[in-house]
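The first residue of the sequence shown is numbered 1, and numbering continues consecutively from there. Remember, it's a predicted structure, so these values are computed and weren't measured experimentally.
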Amino acid sequence: MYTSKRISATALVLAASLSAWPSLSALAADPAKKGGASQVELISGSKLSRVTLTKKAAERLDIKTAKVIVDAVGIITAPYAAVLYDLKGNTWVYTNPNPLTYVRHAVVVESIKGDRAFLKAGPATGTMVVVVGASELYGAENGVGH
């Protein structure tokens with residue numbers, strides 16, 4: 001019960017923040033168009049997309065990243081700030097495989113303690129994940145502002 005309320009509240013906050021972001025429409029680019037502040041490309045063989053930002057767009061969003069690590073007892077953890085909940089309650093992080101390039105990656109959260117999410121499944125240790133700007137990337141990927 002507590003988890004479903006938390007997920008629902010997080011989804012509502014995410015939706016509200018996406019609709020309130022003033023420059024998001026400038027970031028959400030039509031995947032067929034080139035030259036916008038972002039480019040969204042479907043990843044071959046996947047339902048996911050790759051979001052590529054211009055340097056100026058990344059600066060405007062103040063994108064920040066951190067590494068996925070293994071804690072002292074061998075459990076993979078990521079900053080809880082990196083975890084996004086979609087409207088169905090699925091959990092995701094945005095990885096940063098190359099400069100200015102971001103890809104949504106599914107995670108399974110086992111538990112949350114303080115500012116850390118302990119993961120049953122997710123990106124490999126050492127992977128950079130977005131901790132500031134992820135909701136704006138999600139909006140750009142999903143065409144918010146168009």
Side-chain angles (χ1 to χ4, degrees), residues 3-4 6-71 75-146:
T3 302
S4 66
R6 185 176 188 160
I7 290 171
S8 296
T10 303
L12 289 173
V13 169
L14 175 62
S17 69
L18 290 175
S19 63
W21 189 259
S23 62
L24 190 57
S25 61
L27 294 176
D30 181 339
K33 289 183 181 177
K34 304 241 186 220
S38 69
Q39 182 177 342
V40 180
E41 302 170 271
L42 189 62
I43 297 171
S44 180
S46 170
K47 293 182 179 181
L48 298 175
S49 296
R50 177 181 306 105
V51 179
T52 305
L53 299 178
T54 64
K55 185 175 180 179
K56 186 173 183 177
E59 289 170 358
R60 204 169 54 235
L61 291 177
D62 195 27
I63 300 283
K64 301 276 190 257
T65 59
K67 286 184 181 179
V68 173
I69 61 170
V70 174
D71 74 357
I75 298 174
I76 296 173
T77 74
Y80 182 50
V83 178
L84 288 173
Y85 295 90
D86 68 16
L87 293 176
K88 294 180 181 177
N90 300 312
T91 48
W92 304 89
V93 296
Y94 271 94
T95 63
N96 183 210
N98 296 304
L100 304 175
T101 303
Y102 307 92
V103 178
R104 195 162 37 100
H105 192 292
V107 296
V108 177
V109 177
E110 182 173 343
S111 64
I112 299 161
K113 292 182 184 149
D115 64 351
R116 303 300 300 174
F118 295 81
L119 306 178
K120 284 185 181 180
T125 302
T127 300
M128 298 302 288
V129 293
V130 175
V131 295
V132 174
S135 59
E136 289 79 14
L137 292 171
Y138 187 75
E141 180 181 355
N142 289 286
V144 173
H146 277 267

Query raised in the report: To the nearest 0.5 Å, what is the distance between OG (Ser135) and OH (Tyr94)?
Result: 9.5 Å

Requested in this report: Mark yes or no for whether Asn96, through its side chain, and Asn98, through its backbone, hold a donor-acceptor pair below 3.5 Å.
Outcome: yes

Report summary line: Looking only at heavy atoms, the pair that brings Leu100 and Lys55 closest together is CD1-N, 3.8 Å

Query raised in the report: When rounded to the nearest 0.5 angstrom, what distance separates NZ in Lys120 from OG in Ser111?
Result: 9.5 Å

Report task. Considering non-hydrogen atoms only, spot the tightest contact between Ala78 and Leu119 and give its length. Result -> CB-CD1, 4.1 Å

Report summary line: side-chain contact (heavy atoms from CB on, under 4.5 Å) test vs Trp92 passes for just one of Val83, Asp86, Val107, namely Asp86

Query raised in the report: How long is the gap from CD on Glu110 to CD1 on Ile76, to the nearest 0.5 Å?
Result: 11.0 Å

Query raised in the report: When Val70 is tested against each of Thr77, Thr125, Ile75 for side-chain contact (heavy atoms from CB on, under 4.5 Å), which residue passes?
Result: Thr125

Requested in this report: Specify the closest pair of heavy atoms between Ile63 and Gly133, including all atoms of both residues, with the distance to one decimal.
Outcome: CD1-CA, 3.9 Å

Query raised in the report: Taking atom CD of Glu141 and atom CG of Leu48, what is their separation to the nearest 0.5 Å?
Result: 6.5 Å

Query raised in the report: If we only count heavy atoms from C-beta on, is the Glu41 to Ser49 side-chain gap below 4.5 Å?
Result: no

Report task. Work out which heavy atom in Val68 is nearest to a heavy atom in Ala124; give both atom names and the distance. Result -> CB-O, 3.8 Å

Report summary line: Closest heavy-atom pair, Ala57 versus Ala37, reported as atoms and distance to 0.1 Å, is CB-O, 3.5 Å

Report summary line: Here the gap from Thr127 atom OG1 to Ile69 atom CD1, rounded to the nearest 0.5 Å, amounts to 12.5 Å

Query raised in the report: How far does CG of Leu61 sit from CG of Leu137, to the nearest 0.5 angstrom?
Result: 6.5 Å

Query raised in the report: Can you tell if the side chain of Val109 reaches within under 4.5 Å of the side chain of Tyr80, non-hydrogen atoms only?
Result: no

**Report entry** Nearest heavy atoms of His105 and Thr95, plus distance in Å
**Finding:** CB-CG2, 3.8 Å

